[in-house]
Amino acid sequence: MKRLFIVLFGLLLAGVFANQALAEGSYDPGGGYIEVCKAPSAVLTGDFQFTVQDSWGTQTEQITISPTQVSCTAPIKVVPGTVTVTETGALSGIAADGSPGALTTSYLSASWTSVGQFGPGPSGTGFSTDGHITVPAGGPDSTVTVTYTNDPVYGVLEVCKDIVSGSGLSGTWQFAITGGNGFTDTETVAIGACSKPVMVPAGNVKVQETGDLAENVTEIDAVYPGGDSAVVSSNTDTATAVVGVNPGDASNQTRVHFTNDSVRLKLCKWVPADTPTGPYTFTLAASGAPGPNTVTSPITLTAGSHYHPNCTMLGPFRAGTRVDIQENVFPGTKVGSIDVSPLTNLGGGTTVVSGSLSLADRTVSVILGSGETDVSYGNVNADPGTLKICKDAVGTLPVSSFNYTLTPVAPTTGDPITVTGVPVGNCVVVSTDLPFDSTWTVTEAAVTGVAVSDITALPLNVELWCNGVVTATSQLTLTNKNTSAGSANVTISEGGVVTEVHFINSAAGTSPTADSSTSSGSTGSSGTSGSSSSGVATSAETSIPVSVQIPAVLSVSSSTSAISGSTKATVSTATAAKLLKLQSQLKALKASEHKLVLKRSAEKTAAVRKSLMHQIVVLQGKEKMLAASIKLLK
């Protein structure tokens, strides 16, 4: 008995070691060999998988099909005797989640033949040899070859389009169809209709609505002819379904129904407690595929608070519609934020059109996705701006100063402003307290024998502070210029950026020449700030002379200097040098003043702003003194 136990234990160990050796690939099953081949196909593509099962176990093999020649594995060691070969399918099917590359036999038919050392052997149809193959012992010379031939199997699919009653949708929709063996197709379907019957590889087929980036699909159904559900998986968020398709003709087809609803746009408006509540007006435009894609415009909203904004619902729209939104000007305020939700459309698209969101221009464009898209505008107070009127001249004018009136242009409100006595060659600060983005018609009072030859402004475009940086908008500072009437509309930039408008005049019959100097003005952010004027501007507000009356270029000879400008004169070398020095000092003062103006605009503390304003006024006084000295030297 003890000896029997020892023998059994030894056999058990031998089996363990044998199995271990087998697992490590060192076990020789006994001299039988089989190989598996794949007949060529001009239709099928990809890799095909097989299992080879003998009394030892199961081995897995893979063959890449060729369009022109037979493809085979290397001879495979097996235990002599009954061996079963099974084709487990092609690695080019559609998985239940819609991903490609699934292993499937659903769109294939199979037949097989075998041949051995002494000639043809058994053959059959189907994916398995079902134990019909016997492999002899005898080494590679006795190899049995099993060859599989596959053909594609097709079924029929139709895609239908339904809509929710009352949605207002119309037009056509596109569907992408993906099947096994790399099959793809696109169908266009109108509302209430179905596509033509589409021949597809049998088995799992993926259908996705793709006409818009994120359609509002509310339901997806698929049925076999008998009424049973053919849905393998579906996702209305991504407008995707995987459905089963049986082999056969149109009498055995699968029909897929996509049901859509329209979508909405919610536009909201809010402001902080110290900002006017409006009303604010928005201009909107919509574009895209039909059914429906029009929008009411303009829209007017009174602002709510940040946590309780005032909103309006717009629509219905077809999902995928693009809506362009711009808030119109509300003088004294600027857009501080534009929030869009959701940021991405289902299906991977971006809700906000690239490059469309601009706080400075108060714009955003959105692609409406499934359900509801929210757009919320928040406005904040803008710093008031400064306006200068400058008088430039070509030739000698019969008067030494000019008068102006400023009239508000809607939506700007306020009393007209009168500006008197703007000296030729000088600028007058009209006000340092004009609302940002307010527009004024500036008109020069007519003077007999004098014509307005041009009107210019700096900066060229309205500027504002956006995230701490001076930013140009798309609005022109100067519009509706009419030299015959001596008027133009001027829009005010935000505090720290001086808006400077130049009226260039000439005596009757005189026109600018190459050596007649006309002012280009100072830069929009280099002017001075001063006291606010809502009525009459006085001579006390007169600022520095402009370049028309200040020598711009001095060409010094040994005895005289020629001064270019609207007036020519001959001066001594010493005087010319002094003029150059004074001009340099004036330039430095203007640069210092510019820095102080920017600091004052950015400063949040009232006491510091007051101190900076005092320093600006002092610099203005020095500038006036220098300007007077330059005039005397001329």
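The basis for the numbers below is simple: all heavy atoms, side chains too, and nothing from hydrogens, waters or symmetry mates.
Between the side chain of Thr351 and the backbone N or O of Val366 there is no donor-acceptor pair closer than 3.5 Å. Between the side chain of Asn181 and the backbone N or O of Val43, at least one donor-acceptor pair lies under 3.5 Å. Proximity of a side-chain donor or acceptor of Thr281 to a complementary backbone N or O of Thr300 within less than 3.5 Å is not detected. Side-chain atoms of Ser66 come within 3.5 Å of backbone N or O of Thr68 as a donor-acceptor pair. With hydrogens and angles ignored, the 3.5 Å screen pairs no side-chain donor or acceptor of Asp437 with any backbone N or O of Phe330. Checked by atom type and distance alone, the side chain of Asp54 pairs as donor or acceptor with a backbone atom of Val79 at under 3.5 Å. For Asn252 (side chain) and Pro247 (main-chain N/O), a donor-acceptor pair under 3.5 Å exists by modelled atom type. Looking at Gln59, its side chain does come within 3.5 Å of a backbone N or O of Lys77 through a donor-acceptor pair. Looking only at distances, no side-chain donor or acceptor of Ser167 sits under 3.5 Å from a matching main-chain atom of Asp261. Under the 3.5 Å distance criterion, the side-chain polar atoms of Ser128 are left unmatched by any main-chain donor or acceptor of Thr86.
How far OG1 of Thr302 is from NZ of Lys269: 11.0 Å, rounded to the nearest 0.5 Å. Rounded to the nearest 0.5 angstrom, Ile94 CD1 and Ser106 OG are separated by 9.5 Å. Note that CG of Leu357 is 4.5 Å distant from CD1 of Ile338, once rounded to the nearest 0.5 Å. Taken from OG1 in Thr344 to CD1 in Ile367, the straight-line distance is 13.0 Å, to the nearest 0.5 Å. Taken from CG in Asn293 to CZ in Arg318, the straight-line distance is 9.0 Å, to the nearest 0.5 Å. Atom-to-atom distance recorded for Leu476:CG and Leu460:CG is 8.0 Å, nearest 0.5 angstrom.
Using bins of under 30°, 30° to 60° and over 60° for the plane-to-plane angle, the ring pair His306/Trp270 lands in the perpendicular bin.
Annotation: side chain of Ile65 is not in contact with side chain of Pro40 (no heavy-atom distance under 4.5 Å). Side-chain atoms of Val329 and Arg362, non-hydrogen and from C-beta on, do get closer than 4.5 Å to each other. Residues Val271 and Thr333 fail the side-chain proximity criterion, which asks for heavy atoms closer than 4.5 Å. Within the 4.5 Å cutoff, side-chain heavy atoms of Val497 are placed close to those of Pro459. Looking at heavy atoms from C-beta onward, Leu169 lies in side-chain contact with Pro292 at the 4.5 angstrom threshold. Side-chain contact check for Asp185 versus Val200: every heavy-atom pair is 4.5 Å or farther apart. The side-chain heavy atoms of Lys334 and Val380, taken from C-beta on, include a pair separated by under 4.5 Å. Proximity of Pro152 to Leu44: side-chain heavy atoms (C-beta onward) are separated by under 4.5 Å at one or more points.
No more than 12 heavy atoms of other residues, nucleotides or ligands lie within 6.0 Å of NE2 in His132, so this atom counts as exposed by the packing criterion.
Ring pair Phe258/Phe175: centre-to-centre distance below 6.0 Å. The aromatic ring centroids of Tyr377 and Phe282 lie less than 6.0 Å from each other. The aromatic ring centres of Tyr148 and Phe50 sit less than 6.0 Å apart.
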- Which is it for Phe183 and Ile177 under the side chain to side chain contact (heavy atoms under 4.5 Å, CB included) test, yes or no, and what are the steps along the way? CA-CA 8 Å; Phe183 176 87; Ile177 302 173; 4.1 Å; yes

- Please step through side chain to side chain contact (heavy atoms under 4.5 Å, CB included) for the pair Thr373 and Phe317, ending with a clear verdict. CA-CA 11 Å; Thr373 300; Phe317 298 99; over 6 Å; no

- Query: Hey, mind stepping through Phe127 and Leu108 against side chain to side chain contact (heavy atoms under 4.5 Å, CB included) and telling me if it holds?
  - Reply: CA-CA 9 Å; Phe127 293 97; Leu108 302 171; 4.0 Å; yes

- Message: For Thr283 and Asn328: C-alpha separation, side-chain torsions, deciding distance, then whether side-chain hydrogen bond (donor to acceptor under 3.5 Å, both in side chains) applies.
- Response: CA-CA 7 Å; Thr283 301; Asn328 296 341; 3.1 Å; yes

- Starting from the C-alpha separation in whole Å, work towards a yes-or-no answer on side chain to side chain contact (heavy atoms under 4.5 Å, CB included) for Gln53 and Val83. CA-CA 6 Å; Gln53 185 176 16; Val83 177; over 6 Å; no

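Each of Thr147, Thr73, Thr143, Thr145 was checked for a side-chain hydrogen bond (donor to acceptor under 3.5 Å, both in side chains) with Glu35, and the lone residue meeting it is Thr145. Residue Gln208 forms a side chain to side chain contact (heavy atoms under 4.5 Å, CB included) with just one option from Thr178, Val217, Thr240, Val242, and that option is Thr240. When each of Asp237, Asn216, Asn260 is tested with Ser370 by the rule side-chain hydrogen bond (donor to acceptor under 3.5 Å, both in side chains), just one qualifies, namely Asn216.
Using modelled atom types and a 3.5 Å distance limit, the side chains of Asp361 and Ser474 yield a donor-acceptor pair. Under the 3.5 Å distance criterion, with hydrogens and angles disregarded, no donor-acceptor pair is assigned to the side chains of Asp324 and Thr363. Of the N and O atoms on the side chains of Glu158 and Ser195, not one donor lies less than 3.5 Å from an acceptor on the other residue.
The shortest non-hydrogen separation linking Ala39 to Thr149 is CB-OG1, 3.4 Å. Between Val243 and Ala222, the closest heavy-atom pair is CG1-CB, 3.4 Å. The two atoms that bring Thr473 and Leu464 nearest to each other are CG2-CD2, 3.5 Å, heavy atoms only.
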